[in-house]
Peer 1: 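If you scroll down you'll find the structure; I have some questions about it.
Since the model is a prediction, treat every value here as computed from it, not as a measurement.
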Amino acid sequence: MARYEPSQSETKWQEAWNKADLFAARRDPAKPKYYVLEMFPYPSGRIHMGHVRNYTMGDVVARYKMAKGFSVLHPMGWDAFGMPAENAAMDNNGHPKDWTYGNIAVMKDQMKPLGLSIDWSREFATCDPDYYGQQQAMFIDMLETGLVYRKNAVVNWDPVDMTVLANEQVIDGKGWRSGAEVERRELTQWFFKISDYAEELLDALDNLKDWPEKVRLMQANWIGKSRGLQFAFSTVDAPEGFDRLEVYTTRPDTLRGASFAAISPDHPLAKHLERHDPKVAEFVAKCRAGGTTEEAIETAEKLGMDTGIKVRHPLDTSWELPVYIANFILMDYGTGAIFGCPAHDARDFEFATKYELPITPVFEPVEGDYPEAEYVPLKSEKVRYIRGFAGDEVQTGEEGVASAIAFCEENGIGQGVTKFRLRDWGLSRQRYWGCPIPVVHCETCGVVPEKKENLPVELPYDEDGQKIDFSIPGNPLDRHPSWRDCTCPNCGGPGQRETDTMDTFVDSSWYYARFTSPGAATPTDPAEAEYWMNVDQYIGGIEHAILHLLYSRFYARAMHKTGHLPAKAIEPFDALFTQGMVTHEIYLTRDAKNRPVYHLPEEVEDGKLKATGEAVETIPSAKMSKSKKNVVDPMNIIAEFGADTARFFVMSDSPPERDVEWTAAGAEATSKFLARVHRIADDIANSDAPANEAEDTALLKATHKAIDEVTKSIEGFTFNKAVATLYGLTNTMSKSTAGAETKRDAMKLMAQLLAPMVPHLAEEVWSMLGGEGFVIAARWPEADPALLVEDSVTLPIQINGKRRAEISVPKDMPKEEVEKLVLADEAVVKALAGGQPKKLIVVPGRIVNVVI
RNA sequence: GCCCGAGUGGCGGAAUGGUAGACGCAGCGGAUUCAAAAUCCGCCGCAGCAAUGCGUGUCGGUUCGAAUCCGACCUCGGGCACCA
């Protein structure tokens with residue numbers, strides 16, 4: 001009797017697949033194509049269960065589509081630039097390049113045993129000069145097309161380390177290494193003009209039918225289209241050149257409830273005052289403390305300072321409002337100046353209360369009492385205007401806004417304008433380990449793009465023969481004279497290279513396109529892009545719902561505009577599936593400064609560190625993340641049980657879009673199940689049981705029902721249900737007394753159903769039962785509709801909505817006859833006690849409800 | 001603070017307006033075995049001897065019928081533009 005030995009059979013089948021070169025994507029005009037892509041990994045060092053889950057899902061789809069007769073593209077690469085490599089270099093006195101490529105080698109070795117149907121010939125890393133050189137070429141094209149520009153923007157500045165910090169490196173407003181209070185500081189930075197596409201990116205969401213509704217909603221809110229009024233206050237006692245103060249409001253209907261005007265600390269007027277008034281300078285400096293994130297700004301204590309300047313109310317010029325500088329006004333949104341109506345805005349209410357400003361209601365509820373604090377009804381709700389100036393007395397907020405805009409336009413007060421919350425994409429990073437921005441700063445010519453024939457502008461590995469020192473904070477490119485100094489591509493005179501590198505989101509905004517022709521001498525090859533684009537199914541984490549996906553949608557449009565993608569590819573991902581995350585508890589201890597030190601699960605046992613016995617703090621499950629070290633190593637599972645067990649386990653139980661808490665408990669059970677399938681297949685292969693018509697038909701029906709359900713489950717991304725179906729079919733198969741021939745056929749069909757999830761075992765079973773060729777090369781089975789119909793159904797009988805009895809009736813029994821049967825039922829007769837039912841509801845094939 | 005989700009047995013979950021708890025884990029009982037492992041069979045929401053009652057985060061509503069639809073709230077998770 002053959003035993004289930006995954007360690008041998010998995011290697012055997014992987015070698016056989018390789019030899020047959022089954023997974024190389026081929027442009028085959030005779031076949032429909034299918035491009036399935038999982039979000040490529042960051043090479044953190046080791047794979048974790050999240051990767052296994054992500055790539056197994058993609059593999060299930062890829063293998064299923066292969067069996068359905070598609071020419072499949074299923075590539076893999078590495079999102080290889082980014083901060084962790086520099087941090088590692090800092091910690092280990094190493095080099096980001098060595099660390100990154102070392103990690104890639106290890107992770108690839110760990111992924112290979114999973115038996116994924118990946119075309120490894122297309123592999124690349126974003127830190128390969130060949131890849132980022134093409135990215136530089138596109139940057140130059142975009143610069144020439146006007147899609148790239150420079151402007152000032154704020155960064156987190158660590159005044160002790162004299163360096164720019166990532167948001168992640170700012171903890172409670174302090175630098176993570178120096179502990180210094182972080183300040184917001186302006187630098188000149190490079191930007192992509194994504195705002196040009198705001199409207200289109202919003203409108204096009206409606207056509208992304210196979211994207212999750214929640215992702216489209218999140219992106220729509222992020223883009224944040226709003227209709228409002230822009231107008232200028234005339235100022236009183238303002239410095240020269242500031243006669244007018246432009247403000248933007250989405251609630252012009254509340255204009256007569258205005259009690260103050262407020263400007264951002266970064267507003268030109270605030271900057272002017274800062275230079276002339278030490279008190280303003282002090283206040284503005286206070287406002288600039290803390291990080292740059294919207295979260296930090298929104299949750300910080302609301303601070304304001306009266307500038308002493310007044311503005312005249314546009315509807316009544318004798319009415320003057322004070323002008324405050326306020327830390328919660330963002331310069332990036334609108335005009336960087338607002339008017340506050342504390343009666344109908346929570347934040348303005350808080351501010352007005354704090355600074356004792358008047359709170360004047362503009363409208364009140366149509367019914368009921370005016371609330372104690374601010375009154376902020378939905379814009380769609382009708383309210384009664386008591387200090388309105390346009391439109392009806394009773395109207396919705398939306399109507400009030402529209403009529404206020406119309407009134408202001410007619411009376412020359414201001415203009416209705418449409419604004420977007422979406423800001424241009426700042427791509428400059430003051431860091432080493434990223435794609436160098438290919439421009440040269442020349443004293444005579446200014447900012448000049450590098451010549452394309454000089455690309456790639458490669459990152460220097462060392463510094464005049466010396467290893468680059470990553471232990472010094474800041475950007476090594478900035479203090480690397482022999483790399484930095486160069487000749488101007490325009491005039492040939494002395495120039496200096498741009499030392500900013502690109503945001504890693506740029507790298508991941510076009511890798512899907514590069515996979516269609518990874519070796520091309522241009523960013524893409526038109527024929528290949530035309531054949532393979534778009535990505536038919538994209539799979540990745542919900543954490544990328546906004547930034548990565550929105551940037552990719554913009555970048556595809558930019559690539560089209562610069563001639564690198566066909567028009568059909570401006571929405572690069574036809575269907576999107578967002579998998580849930582794999583979560584795990586977090587273990588930490590504290591260092592001398594009470595800062596957290598994280599520990600891997602395998603270093604912890606019974607709440608203590610294995611090495612030292614020190615007790616660890618346990619934080620409840622959170623997304624597995626390399627920085628928190630709450631990652632589980634799938635290699636142990638593969639070594640103990642085999643890849644098929646790891647694959648099947650991550651597909652079972654939890655629905656794919658939901659988070660799953662990793663627990664080791666189920667792995668053994670999964671392995672037992674796979675061994676059971678193997679055992680049953682072996683029994684069947686050696687059986688000579690005679691045919692048995694009734695049993696044969698029953699097994700055949702069960703098998704076809706399973707074909708139907710598994711197919712639907714794979715198509716619908718409910719892999720956990722496919723697993724449950726396969727468990728059920730296995731139980732049926734094991735108990736069935738059907739003849740050997742029928743059982744063999746049924747088992748071969750089951751091998752096909754198993755193949756996308758547990759490909760090695762499926763091949764083993766297939767070959768045991770005499771299947772021809774590879775099981776994954778066999779055409780996907782189709783359920784015979786005739787075998788799916790049931791002759792009779794069980795109808796539950798409810799009395800007043802509670803289940804009290806059930807009857808079994810032929811499938812197509814007419815309603816009237818069902819009613820007769822129901823009324824004759826013992827429980828119904830008893831409940832009616834001789835009376836008539838008030839109502840009798842018969843839902844054919846589903847349920848009966850007797851209302852008494 | 002703002003935007004988006006999710007809450008069902010001891011546990012993961014199934015059922016998306018029609019029998020709540022499919023399937024699996026854990027547990028319990030049995031068969032097999034000298035014994036154990038493995039395997040096979042059965043039971044398994046809570047309370048109750050039972051009849052029956054209760055039960056899908058909480059409270060309210062719509063409906064003949066609600067885990068499912070609507071409203072308010074609570075808790076947990078994701079994102080917030082320099083983590084990837």
Side-chain angles (χ1 to χ4, degrees), chain A residues 39 41-42 44 79 81-84 155-156 164-170 194 212-215 217-222 224 291-300 302 328 332 346-347 421-431 503-505 507-508 541-548 550-551 578 580-581 583 620-623 625-627 652-655 657-661 663 665-666 668-670 672-673 675-676 679 718 720-721 723-728 731 734-735 794-798 800-806 837-841 843 845-852:
Chain A
M39 289 180 185
Y42 179 81
S44 55
D79 189 13
F81 275 135
M83 230 175 40
V155 293
N156 300 306
V164 176
L165 298 180
N167 287 333
E168 191 188 52
Q169 297 171 321
V170 179
I194 191 172
E213 185 60 39
K214 61 178 170 183
V215 174
L217 193 57
M218 279 190 260
Q219 292 213 354
N221 288 338
W222 185 263
T292 55
T293 68
E294 195 177 307
E295 187 190 359
I297 293 165
E298 293 265 341
T299 53
K302 310 284 174 283
F328 56 87
D332 292 312
R347 201 172 52 186
R421 182 180 165 277
L422 180 68
R423 310 198 296 255
D424 276 333
W425 172 8
L427 67 113
S428 291
R429 296 292 179 270
Q430 293 72 40
R431 274 195 261 287
D503 177 9
T504 54
F505 275 126
D507 312 336
S508 57
I542 184 67
E543 67 272 26
H544 295 294
I546 298 175
L547 293 178
H548 162 61
L550 189 61
Y551 287 155
T578 55
M581 286 169 297
T583 63
S621 271
K623 162 188 170 184
S625 105
K626 47 211 168 289
S627 62
S652 35
D653 291 345
S654 276
E657 71 278 9
R658 267 238 295 257
D659 288 356
V660 61
E661 159 105 41
T663 124
E668 201 179 326
T670 305
K672 278 184 189 174
F673 169 74
R676 185 169 178 230
R679 196 164 48 242
T718 48
N720 55 321
K721 285 194 238 171
V723 169
T725 300
L726 290 164
Y727 267 103
N731 286 336
S734 134
K735 284 173 190 160
T794 304
L795 282 186
I797 300 177
Q798 293 183 334
N800 288 337
K802 296 251 179 214
R803 186 187 163 279
R804 288 291 183 251
E806 62 180 35
K838 268 190 209 156
K839 215 172 183 181
L840 187 57
I841 294 147
V843 184
R846 308 280 342 213
I847 204 163
V848 179
N849 194 4
V850 186
V851 185
I852 295 169

Peer 1: His548(A) near the nucleic acid: base, sugar-phosphate alone, or nothing, with a heavy-atom cut-off under 4.0 Å?
Peer 2: nothing

Peer 1: Would you indicate which nucleotide in rA84(B), rA81(B), rG18(B) comes nearest to any side-chain atom of Ile847(A)?
Peer 2: rG18(B)

Peer 1: Looking only at side-chain atoms of Tyr727(A), point me to the closest of rC23(B), rC25(B), rA81(B).
Peer 2: rC23(B)

Peer 1: Taking pairing as Watson-Crick or G-U wobble with both contacts under 3.5 Å, can you name the mate of rG77(B), or confirm there isn't one?
Peer 2: rC4(B)

Peer 1: Would you mind classifying the nucleic acid contact of Leu422(A) as base, sugar-phosphate or nothing, using non-hydrogen atoms under 4.0 angstrom?
Peer 2: base

Peer 1: Could you state the atom-to-atom distance from NZ of Lys838(A) to P of rG65(B) in whole Å?
Peer 2: 11 Å

Peer 1: Which one, rG42(B), rG12(B), rC64(B), comes nearest to the side chain of Lys735(A)?
Peer 2: rG42(B)

Peer 1: Can you tell me how far apart CZ (Phe673(A)) and CD (Glu668(A)) are? Round to the nearest 0.5 Å.
Peer 2: 16.0 Å

Peer 1: Quick one: NZ on Lys672(A) to CZ on Arg676(A), what's the gap to the nearest 0.5 Å?
Peer 2: 12.0 Å

Peer 1: How far does the C1' atom of rC43(B) sit from the matching atom of rC25(B), given to the nearest Å?
Peer 2: 16 Å

Peer 1: I want to verify a distance call: between rA84(B), rC82(B), rA81(B), whose nearest atom is closest to the Val164(A) side chain?
Peer 2: rC82(B)

Peer 1: For Asn720(A) and Ser654(A), what are the C-alpha separation, side-chain angles and deciding distance, and is it a side chain to side chain donor-acceptor pair (under 3.5 Å)?
Peer 2: CA-CA 6 Å; Asn720(A) 55 321; Ser654(A) 276; over 6 Å; no

Peer 1: Select one nucleotide: of rA81(B), rU39(B), rA84(B), the one nearest the side-chain heavy atoms of Arg679(A).
Peer 2: rU39(B)

Peer 1: Please measure how far the C1' atom in rA15(B) lies from the corresponding atom in rA26(B), and state the result in whole Å.
Peer 2: 23 Å

Peer 1: Give me the distance, rounded to whole Å, that separates rA67(B) from rA20(B) when you measure between the C1' atoms they each carry.
Peer 2: 8 Å

Peer 1: Say we look at rC44(B) and rG24(B): how far apart would their C1' atoms be, to the nearest angstrom?
Peer 2: 14 Å

Peer 1: Between rA84(B), rG65(B), rC54(B), which nucleotide gets closest to the side-chain atoms of Lys802(A)?
Peer 2: rC54(B)

Peer 1: Regarding rC3(B), can its base be found pairing with the side chain of Asn221(A) as donor and acceptor, where the two atoms are less than 3.5 Å apart?
Peer 2: no

Peer 1: Go nucleotide by nucleotide along RNA chain B from the 5' end; which of Lys672(A) and Phe81(A) gets its closest nucleotide reached first?
Peer 2: Lys672(A)

Peer 1: Look through every strand shown and name the nucleotide pairing with rG27(B) as Watson-Crick or G-U wobble, where both distances are under 3.5 Å.
Peer 2: rC43(B)

Peer 1: Kindly label the base of rG12(B) as syn or anti, based on whether its glycosidic torsion lies within 90° of 0.
Peer 2: anti

Peer 1: For atom C1', what is the distance between rG65(B) and rU16(B), given to the nearest Å?
Peer 2: 15 Å

Peer 1: In the structure shown, which nucleotide is the Watson-Crick or G-U wobble counterpart of rC83(B), with both distances under 3.5 Å?
Peer 2: none

Peer 1: So, Thr292(A) versus Asn156(A): side-chain donor-acceptor pair below 3.5 Å or not?
Peer 2: yes

Peer 1: Looking only at side-chain atoms of Ala669(A), point me to the closest of rC25(B), rC80(B), rC23(B).
Peer 2: rC25(B)

Peer 1: With a non-hydrogen cut-off below 4.0 angstrom, is Phe328(A) in contact with a base, only sugar-phosphate, or nothing?
Peer 2: nothing

Peer 1: Which value, rounded to the nearest 0.5 Å, describes the distance between Ile297(A) atom CD1 and Glu294(A) atom CD?
Peer 2: 7.5 Å

Peer 1: Counting side-chain heavy atoms from CB outward, which of rG24(B), rU39(B), rA15(B) is closest to Lys721(A)?
Peer 2: rA15(B)

Peer 1: Only pairs with both distances under 3.5 Å count, Watson-Crick or wobble alike; so what is the partner of rA72(B) in this structure?
Peer 2: rU58(B)

Peer 1: Using a cut-off of 4.0 Å on non-hydrogen atoms, how would the nucleic acid contact of Pro41(A) be classed: base, sugar-phosphate, or nothing?
Peer 2: nothing

Peer 1: Searching all strands shown, indicate the nucleotide that pairs with rA22(B) (Watson-Crick or G-U wobble; both distances under 3.5 Å).
Peer 2: none

Peer 1: With a 4.0 Å cut-off on heavy atoms, is Thr299(A) in touch with a base, just the backbone sugar-phosphate, or nothing at all?
Peer 2: base

Peer 1: Can you tell me, in whole Å, how much space there is between the C1' of rC76(B) and that of rC70(B)?
Peer 2: 23 Å

Peer 1: May I ask which nucleotide in the shown strands pairs with rU16(B), Watson-Crick or G-U wobble, both distances under 3.5 Å?
Peer 2: none

Peer 1: Please classify the nucleic acid contact of Val843(A) as base, sugar-phosphate, or nothing, using heavy-atom distances under 4.0 Å.
Peer 2: base

Peer 1: Quick check: any donor-acceptor pair below 3.5 Å linking the side-chain of Gln169(A) to the base of rC82(B)?
Peer 2: no

Peer 1: Nearest 0.5 Å, what's the CZ-CG distance between Phe505(A) and Leu547(A)?
Peer 2: 4.5 Å

Peer 1: When we call it a touch if two heavy atoms are under 4.0 Å apart, what does Gly728(A) touch: a base, just sugar-phosphate, or nothing?
Peer 2: nothing

Peer 1: Below 4.0 angstrom from OP1 or OP2 of rA14(B), is there any side-chain N or O of Asn720(A)?
Peer 2: yes

Peer 1: Specify the closest pair of heavy atoms between Phe328(A) and Arg347(A), including all atoms of both residues, with the distance to one decimal.
Peer 2: CD1-NE, 3.3 Å

Peer 1: Among rC82(B), rG18(B), rC80(B), which is the nearest nucleotide to the side chain of Arg421(A)?
Peer 2: rC80(B)

Peer 1: Give me the distance, rounded to whole Å, that separates rA14(B) from rG45(B) when you measure between the C1' atoms they each carry.
Peer 2: 14 Å

Peer 1: Between rA84(B), rA20(B), rC4(B), spot the one nearest the side chain of Lys214(A), thanks.
Peer 2: rC4(B)

Peer 1: Looking at the base of rC80(B), is there any donor atom on it, or on the side chain of Glu295(A), that sits under 3.5 Å from an acceptor on the other one?
Peer 2: yes

Peer 1: Can you find a pair of side-chain heavy atoms, one from His544(A) and one from Met39(A), that are under 4.5 Å apart?
Peer 2: yes

Peer 1: Which value, in whole Å, describes the distance between the P atoms of nucleotides rU68(B) and rG55(B)?
Peer 2: 14 Å

